Amino acid sequence: FRMYAPEVDPDIFKKVVDTMHTFELSMEDYMDIKNALLAALRSGLKLKRRDKSSVKMYPSYVTKMPTGEECGQYLALDLGGTNFRVCLVTLSGKREPPIVEQRTHAIPIEKMRGTGAELFDYLAINMYEFLRLRGLLEREFHLGFTYSFPCEQAGLNTSFHVRWTKGFSASGVVGRNVADLLQKSIDKTGAKVKCVAVVNDTVGTLAACSLEDKRCAVGLIVGTGSNAAYLEDIGKVELITARKISGELSEDAVGKATSVVINMEWGAFGDYGELDYYRTEYDELLDKESIVPGKQKFEKMCSGMYLGEIVRLVLLDLIGQGVLFQGHVPERLSSRDSFHTKYITETERDPPHLLYSTLYMLTEDLLVPTVTPQDSRIVRYVCEVVASRAAHLTGAGIAAVLEHIKRPEVSIGIDGSLYKLHPRFRERMTDILDKLLPPTIRFRLRLSEDGSGKGAAAIAAVVSS
C-alpha cells in the first residue's frame, strides 16, 4: 500500500501506518487462520464435537446437484437481506443458461421487526401479485425458497430457523419450520404453489454454478454476509448417519446418496475465541456495538455489512489523533453505519494518482466541509487495508475448504455484492489462495450470479424430477 508524496506529510503518514498496522496480517497468520478453520470445520462434522465447534456445518439435504439437463418452469423466492425477490425460472434442459424473470421488493423495517406471520404474508402476497400480472394463477408451480438465515435443516423441506441476523428480529420464527410458515401464507392467497425445498443462498450459488460447470463443488457468498457451502461425502457427516440409525431420517430423505451439500455457516467462526489474537481494537468496538455482540466474528471482519463501519471507526480514531480532517469530526460520520461499504469500493476504483471518487464521496456523500488531497489519500489507504484483509480472510477460508475436500480440480461459484463490485477483491483472494494451497490443487473462481434465484429453482427441479 502506498501513499503518493508530496501530498502526505511523512510524520502524518507514519501515524496512519502505525494505526493500520494491526490489520496487516502475515502469511503465517493467514496459514494459522486457515488451519484453525479447518479444525473447526472437521469438528463441526463430528457428532460429539459439534457443540464445541463455532462452525456448525449444517447438512442441507441437497444430495444431487443440477446437471443442466433439468427442464420446465419453476419459482424461486429469495429472502436474504433487506430485499427479497420472486423469480420465474425457465430451464431448457440443454445446459444453456436459464431464462429468469424477476421482481425485487424492499422489505419495510416494520415487516423485518414485526411478527413472523406478517413477514411471510408479505412475501406470499407479492408472489401472488407476480403470478397474477403474468396470468399464471391457474398453473401449478413448485418453488425453491432461498432463506439466508441460520437454519437447522431436518430435510429438504424442513428447515428450522435458528437465529436472526442482518438486522431482522421478527417474532415467532425462531425454532419454526420456515417452509411451513411460507406454505401457510401462500395457501391464504389461493396461489397453486408448493414449496419443495428450502435452501441457503450459498447452496443455491453452488447449484447455479453446477448448471454450467460440473467441476463446481463450493459455493461462496461475499455480500452483506459471508458464508460458504460445499459438496461433502455423506459418510463424513455424522449427524446424518446418526439420524438414519435412530430412524429420525426416513430412507427416502437421503436414499442411496453418496454426497450432500453442507452449509457451513462460517460467519460464526471465531465465536469461540479462535480469532481473538488477530482482531483489532476496532473489530472489538464494532462487535460490542453490533446487534449480536460476540456472534458472527469472522463475518464481522470480512462482509459487506460491517467493513464500512470498521473504516468509520478507524477514521474517527485518526481524526482524534489530529491527522485527518483537521481534527474535526464531520457530522455525518458521527452516526453509526454512516460510512457505507460501497464507499470502499468507490475509493478503490480511483487510479492511484487521481482520487476523484474518494473526494466526491467525502464532499458529496459525507458532506465533509474541507477535504485536502492528504485527507483523500489517507481515507483511500484505510479502505484499501480493511478491504484487503477481508479478501485475504475469505481466501484463507476457501483454502481450508479446498484442503479438506482434496479435489485436484475444483470450481468455486461466488456471488455477492462485495465480490462483484469491489475492483480488487477477486485478485486478492486468488493471490492468497495461490500462497496457501499446495500446487496439486487447481482452483477456479467463477462468478455465479443469482444462485438464490436460478440455483433454488434448479434444486426445486432436481427434487421434482
Side-chain angles (χ1 to χ4, degrees), residues 66 72-91 97-109 111-112 116 118-134 136-137 139 141-149 151 159 161 164-168 170 173 178-179 181-183 185-186 189 191 193-209 211 219-225 227 229 263 304-305 342 413-421 447-461:
Q73 283 194 314
Y74 297 86
L75 284 175
L77 192 64
D78 167 22
L79 176 65
T82 41
N83 291 331
F84 89 96
R85 289 181 313 147
V86 186
C87 308
L88 175 66
V89 180
T90 309
L91 300 165
I99 298 162
V100 182
E101 271 187 77
Q102 60 175 354
R103 274 207 73 173
T104 303
H105 304 266
I107 298 180
I109 288 272
K111 302 285 185 218
M112 289 164 69
E118 288 166 352
L119 176 64
F120 283 90
D121 285 352
Y122 182 74
L123 303 181
I125 287 161
N126 280 291
M127 187 201 70
Y128 177 90
E129 272 305 293
F130 178 89
L131 293 172
R132 188 185 65 78
L133 290 171
R134 286 163 180 74
L136 296 171
L137 282 176
R139 278 191 43 198
F141 285 101
H142 280 177
L143 174 136
F145 182 24
T146 304
Y147 191 74
S148 310
F149 298 96
C151 282
S159 191
H161 181 98
W164 285 116
T165 53
K166 303 181 231 188
F168 279 72
V173 180
V178 297
L181 294 176
L182 179 65
Q183 195 63 55
S185 292
I186 290 173
T189 68
V193 174
K194 182 166 185 260
C195 175
V196 295
V198 179
V199 295
N200 178 276
D201 55 355
T202 47
V203 179
T205 299
L206 172 54
C209 190
L211 280 170
L220 169 69
I221 298 278
V222 190
T224 310
N227 190 16
N263 161 25
M305 184 162 179
K342 70 168 193 232
I414 310 180
D415 198 1
S417 48
L418 187 59
Y419 181 82
K420 280 196 296 218
L421 302 176
L447 186 60
S448 167
E449 288 196 274
D450 193 23
S452 34
K454 277 192 312 212
I459 290 169

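These numbers were taken from a predicted model, which means no experiment stands behind them. Just so you know, these numbers use all the heavy atoms, side chains as well, and skip hydrogens, waters and symmetry mates.
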> Which atom pair, heavy atoms only, marks the closest approach of Gly116 to Val173?
Replying inline: CA-CG2, 3.5 Å
> How many angstroms lie between atom CG of Leu131 and atom CG of Leu137, to the nearest 0.5 angstrom?
Replying inline: 5.5 Å
> Can you tell me how far the CZ atom of Phe141 sits from the CD1 atom of Ile186, to the nearest 0.5 Å?
Replying inline: 12.0 Å
> About how many Å separate CG of Leu206 and CG of Asn200, when rounded to the nearest 0.5 Å?
Replying inline: 11.0 Å
>> Suppose the criterion is salt bridge (Lys or Arg N to Asp or Glu O under 4.0 Å): which pairs have a residue in residues 72-84, not counting sequence neighbours?
In response: Asp78-Arg85
>> Please give me the minimum heavy-atom distance between Phe149 and His161, naming the atom from each residue.
In response: CB-CE1, 4.0 Å
> Just one of Phe120, Tyr122, Tyr128 clears the side-chain contact (heavy atoms from CB on, under 4.5 Å) bar with Ser185, so which one?
Replying inline: Phe120
> Atom CG in Leu220, atom CD1 in Ile414: separation rounded to 0.5 Å?
Replying inline: 5.0 Å
> Given side chains that start at C-beta, do those of Leu136 and Leu88 come closer than 4.5 Å, heavy atoms only?
Replying inline: yes
> Considering only heavy atoms from C-beta outward, does the side chain of Lys420 approach that of Asp415 to under 4.5 Å?
Replying inline: yes
>> Any heavy-atom pair between the side chains of Cys151 and Val198 that's under 4.5 Å?
In response: no
>> Between Ser448 (side chain only) and Thr205 (backbone N and O only), is there a donor and an acceptor less than 3.5 Å apart?
In response: yes
>> Go through it in stages, so that I can follow the logic: the residues are Val100 and Lys454, the test is side chain to side chain contact (heavy atoms under 4.5 Å, CB included), and I'd like the CA-CA distance, side-chain angles, deciding distance and then a yes or no.
In response: CA-CA 7 Å; Val100 182; Lys454 277 192 312 212; 3.6 Å; yes
> Roughly how far, to the nearest 0.5 Å, is the CZ atom of Phe168 from the CG atom of Leu79?
Replying inline: 5.0 Å
>> For Phe145 versus Val178, what's the shortest heavy-atom pair and its separation?
In response: CE2-O, 4.1 Å
>> Set out, in order, the CA-CA distance, both residues' side-chain angles and the distance that settles side chain to side chain contact (heavy atoms under 4.5 Å, CB included) for Ile107 and Leu119, then state yes or no.
In response: CA-CA 9 Å; Ile107 298 180; Leu119 176 64; 4.2 Å; yes
> Tell me, which pairs form a salt bridge (Lys or Arg N to Asp or Glu O under 4.0 Å) where one or both residues lie in residues 99-109, sequence neighbours left out?
Replying inline: Glu101-Arg134
>> I need the Glu118 CD to Ile125 CD1 distance, nearest 0.5 Å.
In response: 10.5 Å
>> For Leu91 versus Ala457, what's the shortest heavy-atom pair and its separation?
In response: CD1-O, 4.5 Å
> Looking at Asp201 and Ser452, what are the two nearest heavy atoms and their distance?
Replying inline: CB-CB, 4.4 Å
>> Please find the pair of heavy atoms, one from Leu143 and one from Leu77, that lie closest to each other, and give the distance.
In response: CD1-CB, 4.1 Å
